[in-house]
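Position 1 is the first residue of the sequence; numbering continues from there. Order of listing sets the numbers, starting from 1, for every ligand and every atom in it. Everything numeric here is computed off the predicted structure, so don't read it as measured data.
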Amino acid sequence: MKTYKDITGDGGSNIVEQVTAQQDRVRARMASVRHIVAVMSGKGGVGKSSVVVNLGSALALQDYSVGILDADINGSSIAKMTGVRGRPLETGETGVMPTAAARNLKVMSIDLFLQDDSMPVIWDAPTQKDAYTWRGMMETAAIREFLSDTEWGELDFLFIDLPPGTDKLPNMLDLLPEISGTIIVTIPSELSQFVVGKSIKVAKDLLRTPVIGLVENMSMHVCSQCGHEEKLFPGTTVEELAQQYGVPYLGKIPFDPNMAVCADEGSLYLEKHGDLPATNAIGQIAQRVEEFLNR
Ligand SMILES: Nc1ncnc2c1ncn2[C@@H]1O[C@H](COP(=O)(O)OP(=O)(O)O)[C@@H](O)[C@H]1O
Ligand SMILES: [Mg+2]
């Protein structure tokens, strides 16, 4: 049996040409996108996808044309959160059409290709032991395919919901022509801030991508009866963390059970709820993002 050590060159697969051709397709696709924004976090569960959906819908409501690419292949939640899960995908002339979640808001996710709710993404390999080696590469290949084969059309903003962790942004940057910046999401727990510091360092110092800023999610609870604010994680401040790392602080989003309900039922929080502390906070953060990018 031949092993990879016996293969000389690319083994006749033309892999370099194939990847180069796909990179050219990605570049051509992204030419109609004004700003690519990667959204990252240190830990999972801090509300990264919620921030993506809410910032995306805030900008879409202002008549910007917005796309969301769910790149968190194993924890994909954008399709469910925006209520488009299970909708049949349409193919266009040169690729697959993203699904419209609302006016000006388009979504693409691996979730749209899976048949039922409980189906996980499992990479095919002769044995699952082999899948371990391939997983990272296949994930990257899948995202590259999404980037090259989705017909976004003209977009003002393309938000990319990255998987949690520090190693995902470098992979992503290899695939993309140029990104306008990153948004980093954390909750104010000391643990989350400890981990998110590493993500900031990777984005800012290692990869030298513009950091649009840090979003503090689930910062406090505002009583719906009396407006009293109560911190959910007393004693720590994300604003200081932003200062310490020299990145902009974009603002804090309160915990609002309505937001969680909307995510679960697949309705857009900003469309459903008007003037609330969290909807206003999201509006302000969206404005700061817009200002940063239009600068
Ligand atoms: N500000 C918030 N208020 C209420 N619930 C929130 C808020 N942010 C996130 N959630 C909820 O917390 C859970 C995790 O959020 P999610 O966006 O999926 O996190 P991540 O993408 O970082 O894993 C979800 O159930 C979501 O609805
Ligand atoms: Mg998520």
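Distance from atom 24 (C) of ligand 1 to its nearest protein heavy atom, with residue and atom name: Ser50 OG, 4.7 Å. Of the protein's non-hydrogen atoms, Gly45 O, 4.0 Å is the one closest to atom 14 (C) of ligand 1. Distance from atom 18 (O) of ligand 1 to its nearest protein heavy atom, with residue and atom name: Met81 CE, 3.5 Å. Of the protein's non-hydrogen atoms, the one nearest atom 2 (C) of ligand 1 is Met259 SD, 3.5 Å. The protein heavy-atom contact nearest to atom 3 (N) of ligand 1 is Asp256 N, 2.9 Å. Here the protein heavy atom with the shortest distance to atom 8 (N) of ligand 1 is Asn217 ND2, 2.9 Å.
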Stepwise, does the salt bridge (Lys or Arg N to Asp or Glu O under 4.0 Å) test hold for Arg25 with Asp149?
-> CA-CA 8 Å; Arg25 281 216 300 282; Asp149 295 346; 3.7 Å; yes
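Glu229 is linked by a side chain to side chain contact (heavy atoms under 4.5 Å, CB included) to Met220, Val222, counting only residues two or more places apart in sequence or in another chain. Judged as a side chain to side chain contact (heavy atoms under 4.5 Å, CB included), and not counting sequence neighbours, the contacts of Val33 are Met30, Ile36, Leu155, Leu158.
Looking at Lys48 and Asp161, a side-chain N of the basic residue comes within less than 4.0 Å of a carboxylate O on the acidic one, giving a salt bridge.
Checked by distance only, ligand 1 and Ala263 stay at 3.5 Å or farther apart across all their nitrogen or oxygen atoms.
Excluding waters, the count of protein N/O/S atoms less than 2.8 Å from the Mg ion (ligand 2) comes to 1.
Side-chain contact between Val52 and Ile78: present, with at least one pair of heavy atoms (C-beta onward) separated by less than 4.5 Å. Side-chain atoms of Thr186 and Asn217, non-hydrogen and from C-beta on, never get closer than 4.5 Å to each other.
Around the CD atom of Gln244, the shell of radius 6.0 Å holds more than 12 heavy atoms that belong to other residues, nucleotides or ligands.
Applying the side-chain hydrogen bond (donor to acceptor under 3.5 Å, both in side chains) test to every pair with at least one member in residues 205-216, sequence neighbours left out, gives these pairs: Glu216-Ser219, Glu216-Tyr249.
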